[in-house]
Amino acid sequence: MNGGRTDGAGGSSPRRGQPADPGGQPTDPVRVWRGLADTCVLLDGFHALKHALRFGARIPVALTSDKAAVLALAQDLAPDVSDALDALLAETDDATLRALVPRLHPTAVAALALRPERAANLRALEHIPRAAPVVVLDDPRNLGNAGAVIRLAAGFGATGVVTTGTLDPWHPTVVRGGAGLHFATAVERVDVGELPKGPLFALDAEGEDIRGVEIPDDAVLAFGSERSGLSAELRARTDHLVSLPMRPQVSSYNLATSVAMALFHWSSGTPPKDRA
């Protein structure tokens, strides 16, 4: 994807941002997109693409309707990925781009990435010892909440985020909410009986106040669904029930807020150099 510009004389090589076929000839990036759209992860917007590049995602095609504006944005906000974006981005017209994505991001950027191999993610989740907890969302229902959890888990350096139930943690809406940070941590869906090893701490209003509990690095932190809380199956596997401090008569916290509070409690007992 990093070929030189067409010189207009003699043979030509692919333009910058334009993929080449095995024979070395330029390939229409829109055609590449259409061929891969059903099997790849949609990266929706500049920030999702930026994060995916930073964390090693394999991105076969990236499109924009205003490459100059995107590169200017990168110079301001993410100069570390400017060269990669310049080489990767192909420009198309706005109407074509809007026809390829369900809802075009205001930054007018969209890309397709290869989903990480499930086996590799499961190995990362199972590896012991761990330097940071695994977050479990037990039968979550809200796609946006799941994306927000993945984003903050990546920020805290959590080992991964796993979901139980029917929600696909790689759904495009979840990836959008996660701002491309699925590639910064291990994200998979598993059954309750397949949860990663480690002491299971489940958040529940009836549990012990988390402020008096030490959360170890190899913990598995489980959070119930927004509607019904912890499932009976997960509750039966729990080693420790813990609760978040909450004012009387307040019903609950948002799921992502609960995860953030629990991860902050874990991180407050871990020197920053140990979480690098």
Side-chain angles (χ1 to χ4, degrees), residues 41 43-44 47-48 50-57 113 115-116 118 120-165 167-190 192 194-203 210 213 215-226 230 234 240 242 244 253-272 274-276:
V41 177
L43 299 174
D44 203 5
H47 295 291
K50 168 194 72 178
H51 284 139
L53 284 170
R54 283 176 173 169
F55 291 99
R115 179 169 171 171
R118 177 175 171 82
N121 272 345
L122 293 177
R123 285 194 299 271
L125 291 165
E126 288 290 350
H127 180 74
I128 296 291
R130 284 194 290 267
V134 172
V135 173
V136 176
L137 303 183
D138 187 27
D139 196 19
R141 305 301 176 85
N142 185 286
L143 296 167
N145 278 347
V149 167
I150 291 165
R151 185 172 184 173
L152 68 88
F156 275 102
T159 294
V161 177
V162 300
T163 64
T164 68
L167 183 144
D168 177 10
W170 285 88
H171 186 283
T173 301
V174 182
V175 176
R176 186 184 183 107
L181 285 163
H182 282 61
F183 296 92
T185 190
V187 178
E188 290 295 338
R189 177 171 52 186
V190 302
V192 172
E194 301 171 330
L195 292 178
K197 299 181 180 68
L200 180 55
F201 291 74
L203 277 288
I210 196 172
V213 177
I215 305 295
D217 292 345
D218 63 350
V220 178
L221 291 174
F223 301 81
S225 75
E226 299 91 338
L230 296 168
L234 190 141
H240 308 277
V242 294
L244 297 170
Y253 294 119
N254 171 270
L255 177 59
T257 300
S258 297
V259 176
M261 293 172 71
L263 285 176
F264 182 82
H265 175 70
W266 160 74
S267 70
S268 65
T270 307
D274 293 338
R275 294 187 283 114

Here the gap from R130 atom CZ to K197 atom NZ, rounded to the nearest 0.5 Å, amounts to 9.0 Å
Could you pull out the closest heavy-atom pair between G165 and D139, with the gap in Å? CA-OD1, 3.7 Å
Flag the pair N145 / N254 as yes when at least one side-chain heavy-atom distance between them is below 4.5 Å, and no otherwise. yes
Looking only at heavy atoms, which two atoms of W170 and V187 are closest? And how far apart? NE1-O, 2.9 Å
Tell me the side-chain hydrogen bond (donor to acceptor under 3.5 Å, both in side chains) pairs involving residues 155-164, sequence neighbours left out? D138-T164
Would you give the length of the straight line joining atom OG of S258 to atom CZ of F223, rounded to the nearest 0.5 angstrom? 7.0 Å
Once you round to the nearest 0.5 Å, how far does CG of L195 lie from CD of E126? 9.0 Å
Ignoring hydrogens, what is the shortest heavy-atom contact between A262 and L244? Give both atom names and the distance. N-CD2, 4.4 Å
Side chains of D44 and V175: does their closest heavy-atom pair fall under 4.5 Å? no
In short, A132 meets G157 closest at the heavy-atom pair CB-O, 3.2 Å
Can you see which heavy atom on A113 is nearest to which on A57, and at what distance? CB-CB, 4.5 Å
Check: S225 side chain, P140 main-chain N or O, donor-acceptor pair, under 3.5 Å: no
Does the side chain of L43 come within less than 4.5 Å of H182's, by heavy atoms? no
Side-chain heavy atoms of W266 within contact of D217, under 4.5 Å: yes
Drop me the distance from H171's NE2 to L143's CG, to the nearest 0.5 angstrom. 5.0 Å
Side chains of V135 and V149: closer than 4.5 Å at any heavy-atom pair? yes
Side chain to side chain, N142 and L255, heavy atoms closer than 4.5 Å: no
If you count heavy atoms of other groups shown closer than 6.0 angstrom to CZ of R151, is the number above 12? no
For a 4.5 angstrom cut-off between non-hydrogen side-chain atoms, does R141 reach L167? no
If we only count heavy atoms from C-beta on, is the P169 to V161 side-chain gap below 4.5 Å? no
Provide the closest heavy-atom pair for A260 versus F156 in the form atom of the first, atom of the second, distance. O-CZ, 4.0 Å
Between the CZ atom in R189 and the CG atom in L137, the distance rounded to the nearest 0.5 Å is 12.5 Å
Could you give the distance from CD1 (I215) to CG (L263), rounded to the nearest 0.5 Å? 9.5 Å
Which residues pass the side-chain contact (heavy atoms from CB on, under 4.5 Å) test with R54, not counting sequence neighbours? K50, H51, A78, D80, V81
Quick one: sort the F201 and H240 rings into parallel, tilted or perpendicular, breaks at 30° and 60°. parallel
